[in-house]
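Heads up, the thing below is written out as structure tokens.
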Amino acid sequence: MEVDSDEYYATQCQTGQSASFGVLYDRYLDKIYRFIYYKTFSKEVAEDLTSDVFHRALKSLGSFDVTKGNFSTWLHRIARNRVIDYYRTKKATVPIDDVFDIGVDERTETVIDATAKLKEVTAYLETINAKQREIIMLRVWEEKSYREIADIVGGTEDSVKMAFSRSIRELREQCGPIPVVLIGVASYLAATLPLAEFS
Amino acid sequence: MKEQLETLVRDVLALDPDLVEKETEVRALIVALADTKPHIIPDEAFVRSLRDQLLSSAADTKPKLVPGLPLWMVYVAPVGAVAVLVLMLLPGQPVEAPTREEGVEIGATHLVPDADAPREKRSGAPTDEAVSTFSQLALPTDPVDTFALAPQEDGRAVVVEFAAVLAPSYLVVHSINPDGTPGEIRGVSELLIPDSFAPTTIVVTPGLVADTLYTAILYRDNGDQVFTVGKDQVVYDGTGEIPQQQVFSIPAF
């Protein structure tokens with residue numbers, strides 16, 4: 001195990017060196033927060049769930065086994081389960097896997113200037129299923145490898161690759177001139193959304 | 001970033017050669033998707049506050065080793081304890097499920113319409129042995145919540161045959177959605193207390209439908225001793241998974 005790796009600090013924490021958890025927290029806070037935010041589009045909910053995820057991780061760290069997977073995947077799985085749990089308790093009749101669809105309605109909780117444009121973009125993403133969408137977010141936005149994504153969402157590396165490829169094809173076919181539209185929206189978002197809007 | 005995008009384009013084109021002639025569009029689409037990534041920055045006060053909380057909790061929950069006890073024994077001892085528990089539950093040992101003749105009473109209603117009816121009339125239904133599994137008793141490395149459900153009759157209750165919880169909890173029976181996820185709540189057990197379990201029943205409403213799968217999930221009581229969706233949270237095991245046991249409703253005869 002490499003010194004300075006996530007797994008090294010996790011092991012240190014398991015042996016009682018609590019400060020090591022601070023290192024892991026600093027490395028993953030932003031990632032987990034974003035991961036949850038993409039699924040909820042609510043600052044308040046993202047903060048609540050992120051807090052819960054790290055508390056759960058700390059509580060369960062003793063059972064983390066470095067021989068069975070890496071810390072990043074382990075933590076993301078806790079986060080993913082927590083989001084599913086959140087939607088399950090919030091709206092039990094809605095398929096819990098399809099949290100993105102619910103999230104669109106819930107985004108009014110965090111009003112941002114470009115909500116309308118953001119919805120326009122996400123409308124295209126809503127034409128593909130929830131798992132494909134999650135794969136796109138993890139691959140394109142979070143730059144996770146196919147292997148990491150497979151470990152987080154389930155399935156094999158090949159199946160994730162195929163799902164990603166299929167998603168791109170479907171997006172291109174369904175949305176026709178979407179690239180032009182998206183590029184326009186992307187430019188609009190980049191120009192109009194100061195970072196502070198999300199903080 | 002540019003290199004990452006090129007990798008994505010190459011992957012897509014390699015997996016779907018039909019798109020090669022549309023490479024420009026594919027590239028533009030992927031670039032556009034990447035550009036729409038929201039720039040999310042957590043609130044600094046939140047980040048600091050949570051960090052302080054966690055480090056404080058981490059300091060309070062350092063492993064409490066028994067003086068003089070080797071570290072490996074601290075982890076092996078719980079495994080041994082669970083192994084003993086499993087042995088106690090093996091067939092022939094003095095741990096008995098409620099018998100069919102006893103029935104399961106809910107108010108004045110017995111779940112077994114005809115206790116003397118021969119079991120052969122249930123041809124096609126899973127056997128008791130197949131249905132009553134102790135799937136939650138896989139050997140863990142840390143103490144975990146465990147529970148098991150008895151064979152079910154078509155009726156209005158699920159029998160909790162065994163439950164060992166780490167903290168006051170509820171077992172909740174859900175229907176199962178077509179996509180395999182837990183659906184609406186059909187019944188909730190009474191509050192299960194650590195170290196004081198007696199076989200109990202979960203009244204389900206509406207009644208169980210014959211030959212249908214349901215799933216039971218453990219929820220931790222938030223301290224108010226009343227089950228409330230959203231306040232009492234699902235119990236996760238050490239791997240971040242939700243322990244649950246499927247319940248198969250056997251048709252009544």
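Protein chains get the first letters and strands the later ones, always in sequence-line order, with residue 1 at the start of each.
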Hey, does [Y] have a side-chain heavy atom less than 4.5 Å from the side chain of [X]?
| X | Y | value |
| --- | --- | --- |
| Val12(B) | Arg169(A) | no |
| Glu47(A) | Pro42(B) | no |
| Arg166(A) | Asp16(B) | no |
| Gln233(B) | Arg56(A) | yes |
| Phe164(A) | Leu8(B) | yes |

Any chance you could measure [X], atom [atom1], to [Y], atom [atom2], to the nearest 0.5 Å?
| X | Y | atom1 | atom2 | value |
| --- | --- | --- | --- | --- |
| Glu44(A) | Phe46(B) | CD | CZ | 11.0 Å |
| Leu54(B) | Lys59(A) | CG | NZ | 13.5 Å |
| Leu171(A) | Leu29(B) | CG | CG | 5.5 Å |

Of all the heavy-atom pairs spanning [X] and [Y], show the shortest one and how long it is.
| X | Y | result |
| --- | --- | --- |
| Leu58(A) | Ala58(B) | CD2-N, 3.6 Å |
| Gln53(B) | Ser51(A) | OE1-OG, 4.5 Å |
| Gly22(A) | Arg51(B) | O-NH2, 3.4 Å |

*Interface residues of residues 146-156 of chain A facing chain B - non-hydrogen atoms under 4.5 Å apart*: Tyr146(A)
*With only heavy atoms counted, which part of Tyr25(A) is less than 4.5 Å from chain B, the side chain, the backbone, both or neither?*
side chain
*Select one option (side chain, backbone, both, neither) describing which atoms of Asp26(A) are under 4.5 Å from chain B's heavy atoms.*
side chain
*Specify which of Leu19(B), Leu13(B), Leu55(B), Ile30(B) makes the most heavy-atom pairs with chain A at under 4.5 Å.*
Leu19(B)
_Heavy-atom pairs under 4.5 Å with chain A, option from Leu50(B), Val234(B), Thr7(B), Leu15(B) with the top count_ = Leu50(B)
*Please determine if Arg139(A) and Asp11(B) form a salt bridge, counting it only when a charged side-chain N lies under 4.0 Å from a carboxylate O.*
yes
